[in-house]
2 protein chains.
Amino acid sequence: MPAESPERLTARADFRPVRPVRAYQRVAEQIEERILGGSLPPGSRLPGERELMRQFDVGRSTIREALRVLQSSGLIRSRPGDPQGAEVLGVSPDTLSHALGRLARSHLSGLGELIQFRMLLDAESYRLAARLHSADDLRRLTGLVDEMAQLAPGDPRGFSAADGEFHRVVAEASGNALLALCARAVHDAVVEAIESKLVRAEGAGEAADAMRRSVAHHRQILDALGARDGARAARLGRQALHDHYAPHVPPQDRPRLRAALEEEPESPAG
Amino acid sequence: MPAESPERLTARADFRPVRPVRAYQRVAEQIEERILGGSLPPGSRLPGERELMRQFDVGRSTIREALRVLQSSGLIRSRPGDPQGAEVLGVSPDTLSHALGRLARSHLSGLGELIQFRMLLDAESYRLAARLHSADDLRRLTGLVDEMAQLAPGDPRGFSAADGEFHRVVAEASGNALLALCARAVHDAVVEAIESKLVRAEGAGEAADAMRRSVAHHRQILDALGARDGARAARLGRQALHDHYAPHVPPQDRPRLRAALEEEPESPAG
DNA sequence: GACGATCAACTGGTCTGACCAGTCGCCTGG
DNA sequence: CCAGGCGACTGGTCAGACCAGTTGATCGTC
C-alpha cells in the first residue's frame, strides 16, 4: 500500500538537503532578481566592479564571476573602459537560441527535430496572426515580401535578413511575446545550423531558384493572412518550411517532417 | 534606387566589425567544443584549475571565469575538494528551462501568454503523439490517469505530479525531444507561477472538483490518443487547459486564451 | 588482519593587490 | 571652435595567498 494517510504528509518534516551556496551565486541572484523584478530596467547601468565589491562586501573575483554568469545569460553586457559600468540588457531570446542550438548540435535532438519544431511554432504564429494582425502589420509584411523579391537574385544574405524579419513581424502580430521569442530562437538556431551547408551545397542557380520559390510561398501566406484564414496560413507555412528544408535533412528524419504537415491520414494505406 | 548592381555585392568588402575576444571566452569555447564534439563525453573529468592554467597558459581567474560560464550553461559541474576535477555533464535541458522560466517571469510576457503558449505546445504534442505513440506509451498513460483518479480527493501534490508525468509521457511520445523539453519547461513555469495562487484561492471542495474534471478531461484525451485521432486530442487538450486555467487568468487575458482554442470564426458576429 | 581515527596533500572558493590596454571627459593650445 | 593630449577612470588579466572541505593513505588499536 503506497498510499499513506494524507494527513501525515503535512506533518512530516520534509527537509531539503542543504548545499553550500557560493558567494558569487548569491551576488548573481541578487542582481538577476533586480533585473527580472523591474528595478534595473534594460538600458540602466550597474555600478563598477569596484563599487559592487564594496556594496556586496566581497572580493572583486567574486563580483567578476557573478557578472560572467549574468553576461553568459545575456542579462548584462560589459565593455572595458566604460565609466558607466555594465549595461543591463534585460531578458533576451539569445540565451534561448544558444540553448536550442546546443541541443540541436547534441545527440539529444537533431536537425530534423529542430525544423519540425519550427514548423509547429511558425504554423501557430500564422494561425494567431491571421486573427489578430493589424493593417499596419500587413503593410509591413507586404513591404518585406517585395523586398525579398527584389533581393532574391543576388543577395542571399539580405534575402535571409528580410525573411527573418518577415517571420519576426508575424510572430509579433500573433500577440504572444513568448511564442515570438521562441520562434525567433528556433529560427536562428536553424539558420546557424544549416547556413554553412546551404552555402557550399547549392550552386548560385539553385539558390536563386529556392529564393524564388520562397517568395512565392510568402506571397501565398500573405494572402491567407490578409483573408484572416488562419488554418490556410498555417498549412502553407508548414508546407513552405518542409519544402525548403527537407532536401537538407538526413533522410531518416524526413518522415518526421512529413508527420508535422498535419495532413490527416485520409489517404488509403500507409 | 536602393537596388545596386548585384555583381558589386560579392565584390564589396563586407568586413565584420572586429571585437576583441576575451581570453576566458576562448578557453570556454575550446572546452565547450570538446564537450559538444564528443571527446570529453558526459561523466569524464576536466583537469584541475591549476593544471588547466598551465595547459591554456592563462591565469587562474581566467580559467575560473571560463568554468563559471560553462557551469552556468549546465555543461560541467564542479565541487570543492574533488581531486578529479570538474565533471562533464553534457548538454542538458535545464538551461532551456531556466531561460524559458526567466522569459515567463519577465514583464515581457504575462500569465496569459504563458498558458496560451502551453496550449499550443501541448496541442501539438497530442497531435504528434496520437500518430506516433506505442502501445507501451498508452499503457503508461492509462496507468497515470488511474493514479490521478485515485489521488484526486486528498493529495493535490501527488495529483499534480502524476499530471506532470502524464504530459511528459505524451511529449516524449511525440518523438520530438525539443518539443518535449519546451513543453516541460513551460509546464513547470505555469505550475510555479500559479501554484501559490491556487493553493490559497481554492477551498478544498473546489480543488477536488477541479481535479475530478481534470481526470475526466484526461480520460477523453486518452481515448482520442488511442483512436489515433490527433485533431481531436489536440482540441481536447486545448479545451482542458483553457477550462482549467481561465478562471485564474486576469480577465483582459481571457480573449487570448479563447483565441488559442482554434474554433475557426464560423459564428455569425463578433 | 580488519578497522576506525589521523593527517597531509590536494581541491575549489575567495581575497588582495597589482598591472595593462582601452575609453571617456576635461582641458588646453592652436 | 575644434584637435589633440592628458589624466582618471574602466574592465581584463595575472600572481600569490589563505581557507574550508574532500580524499586517500597512513597509523594505531583491537
Side-chain angles (χ1 to χ4, degrees), chain A residues 16-32 34-35 40 42-90 94, chain B residues 15-32 34-35 40 42-90:
Chain A
R16 304 234 152 276
V18 48
R19 209 183 309 93
V21 181
R22 311 292 167 209
Y24 80 90
Q25 272 182 351
R26 281 194 300 225
V27 172
E29 277 166 19
Q30 275 195 52
I31 298 178
E32 175 169 344
R34 292 277 185 105
I35 295 177
L40 287 180
S44 61
R45 299 306 187 113
L46 256 47
E49 297 182 354
R50 288 153 178 96
E51 173 59 25
L52 286 173
M53 181 177 139
R54 278 185 286 271
Q55 292 191 20
F56 284 103
D57 194 31
V58 294
R60 187 146 92 102
S61 46
T62 300
I63 292 291
R64 284 183 62 70
E65 291 185 23
L67 294 183
R68 274 287 96 77
V69 171
L70 295 174
Q71 190 174 28
S72 86
S73 301
L75 289 174
I76 65 171
R77 174 177 49 186
S78 63
R79 208 174 32 121
D82 191 338
Q84 306 195 74
E87 181 184 2
V88 175
L89 295 178
D94 288 4
Chain B
F15 294 123
R16 303 234 150 277
V18 49
R19 208 181 312 94
V21 181
R22 311 295 167 205
Y24 79 90
Q25 272 182 350
R26 282 194 300 226
V27 172
E29 276 166 19
Q30 275 196 52
I31 298 178
E32 175 169 345
R34 292 276 185 107
I35 294 178
L40 287 180
S44 61
R45 299 305 188 113
L46 256 49
E49 296 181 355
R50 285 151 180 100
E51 173 60 24
L52 287 173
M53 180 177 143
R54 279 186 286 270
Q55 291 192 22
F56 284 103
D57 195 30
V58 295
R60 187 147 90 102
S61 47
T62 299
I63 293 291
R64 286 184 59 71
E65 291 184 22
L67 293 184
R68 275 285 96 79
V69 171
L70 295 174
Q71 191 174 28
S72 86
S73 302
L75 290 174
I76 66 171
R77 173 179 49 187
S78 62
R79 207 173 33 121
D82 191 339
Q84 306 195 73
E87 181 184 1
V88 175
L89 295 178

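Residue numbers start from 1 in every chain, and the chains themselves are labelled A, B, ... in the order their sequence lines are given, proteins ahead of strands. Only heavy atoms go into these numbers, but all of them, side chains included; no hydrogens, no water, no symmetry mates.
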A.B. asks: Please give me the minimum heavy-atom distance between B/A28 and B/A66, naming the atom from each residue.
C.D. replies: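 For B/A28 and B/A66, the tightest heavy-atom pair comes out as N-CB, 3.8 Å.
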A.B. asks: Measure the distance from CD on B/E51 to P on C/dC10 and round it to the nearest whole Å.
C.D. replies: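 Atom CD in B/E51 sits about 13 Å away from atom P in C/dC10.
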A.B. asks: Any side-chain N or O of A/S78 less than 4.0 Å from the OP1 or OP2 oxygen of D/dG12?
C.D. replies: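 Affirmative; the distance criterion is met.
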A.B. asks: Got a second to check how far A/L75's CG is from A/I31's CD1, nearest 0.5 Å?
C.D. replies: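 Answer for the CG-CD1 pair, A/L75 versus A/I31, is 10.0 Å.
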A.B. asks: Among residues at least two apart in sequence or on other chains, which ones pass side chain to side chain contact (heavy atoms under 4.5 Å, CB included) with A/R22?
C.D. replies: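 Result, side chain to side chain contact (heavy atoms under 4.5 Å, CB included) vs A/R22: A/P20, A/Y24, A/Q25, B/P80.
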A.B. asks: For A/I63 and D/dG12, give me the distance from atom CD1 to atom P, rounded to whole Å.
C.D. replies: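 Nearest whole value for this atom pair: 13 Å.
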A.B. asks: Can you check the A/L46 CG to D/dT10 P distance for me, whole Å?
C.D. replies: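 So the CG-P distance, A/L46 to D/dT10, works out to 13 Å.
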A.B. asks: Take atom CD of A/E87 and atom C1' of C/dT23, then tell me their distance rounded to the nearest Å.
C.D. replies: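 About 15 Å, once rounded to whole Å.
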A.B. asks: Which is true for B/T62 with a 4.0 Å heavy-atom rule: it touches a base, it touches only sugar-phosphate, or it touches nothing?
C.D. replies: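 Here B/T62 touches the backbone only, sparing every base.
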A.B. asks: Taking DNA chain D as the partner, which of residues 65-73 of chain B come within under 4.0 angstrom of it by heavy atom?
C.D. replies: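 Of all residues in residues 65-73 of chain B, none places a heavy atom under 4.0 Å from DNA chain D.
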A.B. asks: Measure CE/B/M53 against P/C/dG12 and give the value in whole Å, please.
C.D. replies: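 From B/M53 CE to C/dG12 P: 12 Å.
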A.B. asks: Quick one: list whatever passes side chain to side chain donor-acceptor pair (under 3.5 Å) with A/S78, sequence neighbours left out.
C.D. replies: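 Side chain to side chain donor-acceptor pair (under 3.5 Å) check on A/S78 returns nothing, list empty.
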A.B. asks: Please encode protein proximity along nucleotides 18-25 of chain D as a string of B, S and -, counting only heavy-atom distances under 4.0 Å.
C.D. replies: ---BBS--
A.B. asks: Name the pairs: protein N/O against N/O of nucleotides 3-8 of chain D, kept only if under 3.5 Å.
C.D. replies:
none

A.B. asks: In whole angstrom, give the distance that lies between atom CZ of A/R64 and atom P of C/dC15.
C.D. replies: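 That distance rounds to 14 Å.
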A.B. asks: Using the side chain to side chain contact (heavy atoms under 4.5 Å, CB included) criterion, which residues pair with B/R45? Sequence neighbours excluded.
C.D. replies: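 B/R45 satisfies side chain to side chain contact (heavy atoms under 4.5 Å, CB included) with B/D82, B/Q84, B/E87 only.
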A.B. asks: Whole angstrom is fine here: how far is it from CZ in B/R22 over to P in D/dT10?
C.D. replies: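 Those two atoms, CZ and P, are 16 Å apart.
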A.B. asks: Let me know the distance between CD of A/E49 and P of C/dG17, rounded to the nearest Å.
C.D. replies: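 Spelled out: CD on A/E49 to P on C/dG17 is 17 Å.
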A.B. asks: Cut-off 3.5 Å, no hydrogens considered: what does the side-chain donor-acceptor table look like for residues 55-62 of chain B, sequence neighbours left out?
C.D. replies:
residue, atom, partner, partner atom, Å
B/Q55, NE2, B/E51, OE2, 3.1
B/R60, NH1, B/E49, OE1, 2.5

